[in-house]
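In this chain, residues are counted from 1 in sequence order. All values reported here derive from a predicted model rather than from experimental measurement.
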Amino acid sequence: MLYGILAAASALLLTAVLSAAVRVPALRLGIVERRRGRRVPLLGGVAVMGGVGAVAWVGEWSGVAPLGREAGWLIVVGAGLGVFGLVGDVWRLPAVVRAAGVVVAAALVVPYRELGVPTGVLGVVWIALVVHGFKGMGRSDGVLGVVGAVTAFALSGCAAAEVMDGLATLFSVVAAALTGFLMHNWPPARVVTGTSGALFVGFLLAGGVLHVYAVGYGAGVGAPFALTAVATADAVLVLVSRKRAGRELWRGGPDHLAHRLRRIGLTPPGVVVVLGGAAAGSAGVGLAIHMLWTQPRSAWWVAGAAGLVVLGMLFVPAGPPRPAASAPAPRSATGPATRSAPATAAGRPLPTAARPVPTGVHRAPTRPIPGGRAPGPASRPRRIHEQEAAELGRRGWVG
């Protein structure tokens with residue numbers, strides 16, 4: 001008990017310090033993402049992995065709180081997947097390669113002995129779906145941290161009820177680390193998890209749910225679904241909306257649940273509060289089902305609410321998909337490289353208001369301010385303008 005409190009406090013403080021420390025290297029190395037016109041560092045996932053991994057290693061090395069085989073293997077594979085995501089943050093990887101990495105990692109941690117091969121294969125598909133949902137939530141400030149912390153806290157209680165001390169300690173550390181990360185990720189975020197942190201957190205939670213479910217089999221599938229209902233709903237919403245629109249399923253865009261909530265008028269902190277409340281409610285139902293405090297059919301209420309949300313959000317218009325990366329335009333003899341306006345299929349350029357903005361940049365207003373000068377971009381050397389133009393053309397990421 002005392003070690004659990006000490007481990008959680010250490011993970012919270014260490015992750016908060018690491019999240020602040022990675023900002024400057026990420027900005028200098030250009031490992032950033034554009035959000036509302038700001039360059040936000042993408043190395044927050046490294047801070048979360050470092051905080052969780054350091055506390056878990058100290059507990060294992062000292063013998064005070066050994067993780068055990070399940071939790072140890074889960075965090076090793078999750079860290080490997082996080083490093084794989086970090087490579088995708090720095091260098092663009094094909095969508096097939098990234099999806100294959102998640103599937104391979106899921107296949108390595110599924111407990112086939114307890115579930116059997118057919119159920120284990122379904123578990124691999126389910127882990128990939130939930131990881132995709134958490135990855136999408138990482139595109140909005142604060143959402144992944146709040147939903148992940150709530151889910152990890154409830155999952156820690158489920159593991160403790162099954163006397164899985166290693167997993168219970170691991171998920172309490174994950175919840176504390178995400179809380180420390182939220183000190184820098186609350187809107188407007190100063191650092192974000194990137195693909196590395198989203199894959200790491202989503203994989204740990206999805207794999208942990210499957211391990212706890214394999215032991216507490218009597219609770220049925222309702223508890224695992226309720227514990228991850230928000231992430232599952234986000235993934236289903238994105239897949240269905242892209243299929244209905246005739247878009248590629250792997251092409252990223254502002255069409256996730258958090259983006260649609262913003263379009264109906266919620267502020268960024270309001271989106272975090274709403275999704276955090278939904279995660280707390282659904283995870284509470286999952287914990288109650290697992291603890292046999294309520295009937296497994298209670299999960300149908302969660303499924304019905306999630307289905308209504310997905311159905312309603314399908315009618316909320318989503319933004320344009322993020323275009324694939326293109327080569328920078330050739331440099332002219334009189335000025336820096338410029339990009340031509342996007343064109344329609346007939347070759348005509350789109351109107352200015354309809355042109356998609358790569359990586360989500362919002363143009364600053366140009367109307368004058370009474371009593372002052374009109375806002376405009378800060379003066380910079382021409383070299384920095386050229387670097388940013390090349391970076392925006394190269395970093396067309398896939399969500």
Side-chain angles (χ1 to χ4, degrees), residues 7-27 31-33 35 40-60 67 71-72 74-90 101-102 105 130-153 155-156 167 169-187 189-208 228 231 272 276 279:
S10 301
L12 188 152
L13 295 176
L14 180 59
T15 306
V17 171
L18 290 177
S19 299
V22 298
R23 291 190 72 252
V24 174
L27 289 171
I31 309 176
V32 296
E33 179 178 280
R35 292 195 178 182
V40 185
L42 283 172
L43 292 184
V46 175
V48 175
M49 288 192 295
V52 173
V55 174
W57 178 80
V58 169
E60 183 74 23
L67 294 177
L74 186 65
I75 196 173
V76 168
V77 179
L81 186 61
V83 173
F84 179 76
L86 179 61
V87 174
D89 284 333
V90 179
V102 176
V130 173
V131 170
H132 180 79
F134 276 103
K135 182 171 175 285
M137 286 188 288
R139 304 300 181 189
S140 300
D141 298 350
V143 175
L144 176 62
V146 170
V147 175
V150 170
T151 305
F153 184 77
L155 189 54
S156 176
L167 285 175
T169 302
L170 174 61
F171 294 125
S172 64
V173 169
V174 171
L178 289 175
T179 303
F181 172 69
L182 273 173
M183 297 180 183
H184 304 273
N185 188 242
W186 188 263
R190 295 187 295 274
V191 63
V192 295
T193 59
T195 304
S196 60
L199 293 181
F200 176 73
V201 173
F203 182 80
L204 285 186
L205 296 179
T228 58
V272 176

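In this structure, Asp89 contributes its side chain and Gly194 its backbone to no donor-acceptor pair below 3.5 Å. Side chain of Ser156 to main chain of Ala152: no donor-acceptor pair is present (N/O by atom type, distance under 3.5 Å, no hydrogens or angles). A side-chain donor-acceptor contact under 3.5 Å links Ser172 to the backbone of Thr169. Looking at Asn185, its side chain never comes within 3.5 Å of a backbone N or O of Asp141 through a donor-acceptor pair. For the pair Glu60 (side chain) and Leu67 (backbone), a donor-acceptor distance under 3.5 Å is present. His184 places no side-chain N or O within donor-acceptor distance of the main-chain N or O of Ala189, the cut-off being under 3.5 Å.
Considering CG of Leu74 and CZ of Phe171, their distance stands at 5.5 Å, rounded to 0.5 Å. Leu43 CG to Leu86 CG: the interatomic distance, rounded to the nearest 0.5 Å, is 6.5 Å. The structure places CG of Leu81 at 4.5 Å from CG of Leu199, a figure rounded to the nearest 0.5 Å. Here the straight-line distance linking atom CE of Met49 with atom CG of Leu204 works out to 10.0 Å at 0.5 Å rounding. Atom CG in Leu144 sits 5.0 Å away from atom OG1 in Thr193 (nearest 0.5 Å).
Put simply, the residue from Val174, Leu205, Leu178 that forms a side chain to side chain contact (heavy atoms under 4.5 Å, CB included) with Thr151 is Leu205.
Residues Ala149 and Ala175 come closest through the heavy atom pair O-CB, 3.7 Å. A pairwise comparison of heavy atoms in Gly53 and Ile75 identifies CA-CD1, 4.3 Å as the closest pair. Contact record, Arg23 with Arg190: NE-O, 2.9 Å, taken as the closest heavy-atom pair.
Side-chain contact between Val102 and His132 is absent, with no heavy atoms from C-beta onward closer than 4.5 Å.
Within a 6.0 Å radius of CZ in Phe84, more than 12 heavy atoms belonging to other residues, nucleotides or ligands are found.
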The test is side chain to side chain contact (heavy atoms under 4.5 Å, CB included); show your working for Arg139 and Val192 and say whether it passes.
CA-CA 8 Å; Arg139 304 300 181 189; Val192 295; over 6 Å; no
Take Phe203 and Val77 through the test side chain to side chain contact (heavy atoms under 4.5 Å, CB included) and record every step on the way to the result.
CA-CA 9 Å; Phe203 182 80; Val77 179; 3.7 Å; yes
